[in-house]
Amino acid sequence: MYDEMYRTEGEARDHYGALAQWLRSMPPALVEEKRREADLLFHRVGITFAVYGDDEGAERLIPFDTIPRIIPQAEWAELERGLKQRVTALNRFLHDIYHGQDILRAGVIPAEHVLTHDAYQVAMVGVDLPNQVYCHISGVDIVRNDDGEYYVLEDNLRTPSGVSYMLENRRMMMRLFPELFEHYNVRPVEHYPQLLLQALQASGPRGVRDPVVVVLTPGQYNSAYFEHAFLAQQMGVELVESADLFVKEAQIYMHTTSGHQRVDVIYRRIDDAYLDPLAFKPDSTLGVPGLLAAYRAGNVSICNAIGTGVADDKSTYPYVPDMIRFYLGEEPILRNVPTWQLRKPDDLAYALDHLPELVVKEVQGSGGYGMLIGPAATRGQIDEFRTRIRDNPANYIAQPTLALSTCPTFVKNGIAPRHLDLRPFVLCGKETKLVPGGLTRVALTEGSLVVNSSQGGGTKDTWVIG
Amino acid sequence: MLSRVGDQIFWMSRFMERAENLARILGVTSNVVLCSSPETQEQNLLAPLTITASTKAFFKTHEAVSLPTLIDFMALDESNPSSIYTCIKSARDNAHAVRWQITSEMWETLNATWIDLGAFKRANVTGPEATRFFDWVKERSHLFRGVTYGTIMRGEAFNFSRLGTFLERADDTARILDVKYHILLPRVEDVGGALDYYQWAALLKSVSSFETYRTIYRDQVRPINVAELLILDRRMPRSLAACLEQIVAALDRVEGQNDHPAKRLAAELQARLVHGDIDEIFRDGLHEYLTTFLEDIGELGYRIQRAYLGAL
C-alpha cells in the first residue's frame, strides 16, 4: 500500500514533513472546531451537491476533508506533460474519426468499434471545428498504485464536473489554515475560470471578434447546478437554459430584457442526446431546436464538441496509448491500467476465470455504478456479474484491482488512511493549459476504492508545491 | 440580462408583495368580522375571496364561509394558487432560480422565510394566533424589500424587482378599495355611525393609511377622502399615484426592443392620476373608475412582460 504522506509508519515523506508535524501539534478540539467551521461556511456559501427538491430548502454537502493532498512540483511537471500529450492525442483522434479516418485505415483501432459506437455522431463527419479542438475541457482521472506510479483510470471528455470544488476547497483551506500556507509554497489554482474563459473565447466561430460565451445548464434541479452557476458567475457570462436560446437563420440568439443577443460559444453541461430535439432525442426539453444545424454551419461553437463520447468510453480507453504513438510519434508519458476487453474471446475467458481479483466495469458506466470490485465482492455478487458478462461480454472491460494510494483523512475516530484519486482539468483553446492541481476525491469508508461523490466520497484540497 | 432571469426577479418581488397584501387583507378582515352585524359579517368574510377572484374555488371545497375556514384557505392552503403560502413558495422558488443574479442576503431572506413558513403551516394558525402570522408576513415582506433596496446594484435586477413590487401593489390597492367600497356603499347614509367608522378605519388600516388619513384630513372618515388618499395622493406609498410614479421611474431606467407600448401606457396612467380629480371620479362612478384601472394595470403588466421578459 502506498501512502501519500508516510513512507513508513510515522516517517513522513519530505514534502509532507511540515504538514505531518503541524497535524501532530493540533489539539483535537481545535481540529473539530475547524471542521465545523468549514461545514458552516460551505453551507452558507451554498456549495452544495445535488438534490434540490428537499422541501425544507436544505441541500447536501460533499464532505470536505481538511488534510490536503500534496504533489511535489517534479511529479506534477511529469503529470502535466503526460496530460497535455494525452489530451492532444485524443483531440487528434476525434478530428480523425470524423474526417480522414487514418487511424482506422491503419488498423490501429478496429473500424467497426468506432463507427458503430453509440456515441459516434454521423452528423459530425466532415464538420471542421475551430483549432480542430473537440475536448475543450477534459477531466482525466488519475490514481497512484502501490508501485508508486500514476495511472490514468479514465478520460472524461463529455461534461466533466468537479472543478468548482477544486476552487472552493482552496478558498476554504486558505481561510481556515492560513498558517499552513506560510510553510508551503502552494501553486495557485484561482485563475482557472480565467483560463476557461480564454479557452472558450479562443474556440469561437471563425470571423467573430469578441465571441459571446454562455454556460448552458439543464436547470436548477440538476445535481451539478451549483457548479454551472458558479462557473458562469466567475467568468462573468450568462447562465442560460434551453428556453433562453433560439435559432434564427442558423444563428443562435438569447432572449434578453433589451432584445435578442447573438451567442457564439456555448459551454454546455448537457449531454449530446439532449442538445437538439430536431437532431437527437425528439422529446428532449433541455435542448434548442436547430442548434445542430447552426453548429454544422459553423455559426456557433459547442464545448465540448458533439460526439466526444466515443473517445472516453472504457472500451476505447485501451487504445489511447496507441493513439499517442500513432498521432504524435511519441511514447505515452502516463500509464494506462492493463485492460481486458471482454468482447475479445481470450480476454473474456481470462476474466471469467479471475473475477475475484479483478475490477469489472460497464464500458459506458460512470459515477461508480455498475461495477464489480472482485476482492470486495461476495460470492453471490461475483456469480451475478458472471451471468451479466456472459449475456453481453462487449458491454464490459476488466482490470486488475489497483491498490489506490491512501492519504491520512479525518474520520470519526481521528485520523486514518483513506484511498484517493485525482482529477486534473485540461483546457484546450488555441493552446493546451491546466492549473497546477485538480480535484482530489477520497473514499471515506474504510477500505473502499469508490471515490465518487454519488457514493459517499469526499474531497480534499490538492497542493502542487514548488 | 436574460429575459427569463428578469421575469423570475419580477415575479419574485411580485409574489412577496402579494403575500403582504393578502396578510393585510386577512388581518383587517379578522378584526372587522369580530365587530360586524350578522348581515355584514358574511359580506366581510366574502370580501377577501372577491378581491382575489377565488370565491368559486373556495366554494368548491367549502359549503359556507367562516373566519377559520377563510384563513385556512387564504393563508395556508397549498392547493389555493392565491394563498399566502403559495405566494411565498413562488417567491422563494423564483429566487432560488436566480440566486446568482440577486444578492445572497436577498436569497437568504426569502429562503429563511420559506423555512419558517413551514412551522406556521404545521401549527395550523387559523385561530386568534393568526394575527401574529399576518404580522410576521408583513415583517418578512418589509425585510425583503429593505434588503433588496439596501443591497442590490442599481441595474436591471433592481428595476424589474421594483416593477414587480409596484405593479402588484397598484393592483392590490385598487382591488381592496373597490371591494370594500362595494360593501360600504349601501350604508353610505350611515356615514359617521360607529360601525361605519370601524369599517372605514379597517380599510385604511389594511393599507397602513389610518394615521396618515388623520394627519391629512383631521376629519371623520369620509369615503371621498379615503378614495382620494388611496388613488390620487402620491405621498401615500400604497396609493395608485405613488405606485405609478415608481413604475414609470423604473421603466425609464430600462431599455428594450419594442418597449414603447409599455412605456406609453405607464405614462398615460400616471398622467391620469396626477391630473385626476376625485369629484369627477365619484361623478362617473368609483367602481367604474377602478374597473378600468385594473384592466389598464393588467394590460401594462402584459406589455412589460412582452417587451422585456420573453412572454409571447
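Numbers restart at 1 for each chain; the letters A, B, ... are given by sequence-line order, proteins then strands.
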Q: Quick one: pull up CZ in B:R99 and OH in A:Y225 and give me the separation to the nearest 0.5 Å.
A: 8.5 Å
Q: Check whether more than 12 heavy atoms from other residues, nucleotides or ligands sit under 6.0 Å from atom CZ of A:F177, and answer yes or no.
A: yes
**Q.** Parallel, tilted or perpendicular, as decided by the 30° and 60° cut-offs, for the rings of B:W100 and A:F226
**A.** tilted
Q: Could you list which of residues 141-172 of chain B have a heavy atom closer than 4.5 Å to any heavy atom of chain A, in residue-number order?
A: B:E156, B:F160
Q) Just wondering, are more than 12 heavy atoms of other shown residues or ligands nearer than 6.0 Å to CG in B:D116? A) yes
Q. Got a sec: does the CZ of B:R272 have more than 12 other heavy atoms crowding it under 6.0 Å?
A. yes
(Q) Donor-acceptor pair, distance only, cut-off 3.5 Å: does the side chain of A:T256 make one with the backbone of B:L2? (A) no
Q | Working for side-chain contact (heavy atoms from CB on, under 4.5 Å), residues B:R4 and A:H255 | A | CA-CA 8 Å; B:R4 172 180 49 84; A:H255 297 282; over 6 Å; no
Q) Does NZ belonging to A:K281 count more than 12 external heavy atoms closer than 6.0 Å? A) no
(Q) Please report the interatomic distance CE(B:M1) to CD(A:E238), rounded to the nearest 0.5 Å. (A) 7.5 Å
(Q) Heavy-atom cut-off 4.5 Å, strictly under: side chain, backbone, both or neither for A:Q261 against chain B? (A) neither
Q: Work out which heavy atom in A:H260 is nearest to a heavy atom in B:Q257; give both atom names and the distance.
A: N-OE1, 3.6 Å
Q: Using non-hydrogen atoms and a 4.5 Å limit, figure out which bit of A:V240 sits close to chain B: side chain, backbone, both or neither.
A: both
Q: Check the pair A:T257, B:L309 against side-chain contact (heavy atoms from CB on, under 4.5 Å), reporting the backbone distance first and the verdict last.
A: CA-CA 6 Å; A:T257 54; B:L309 307 178; 4.3 Å; yes
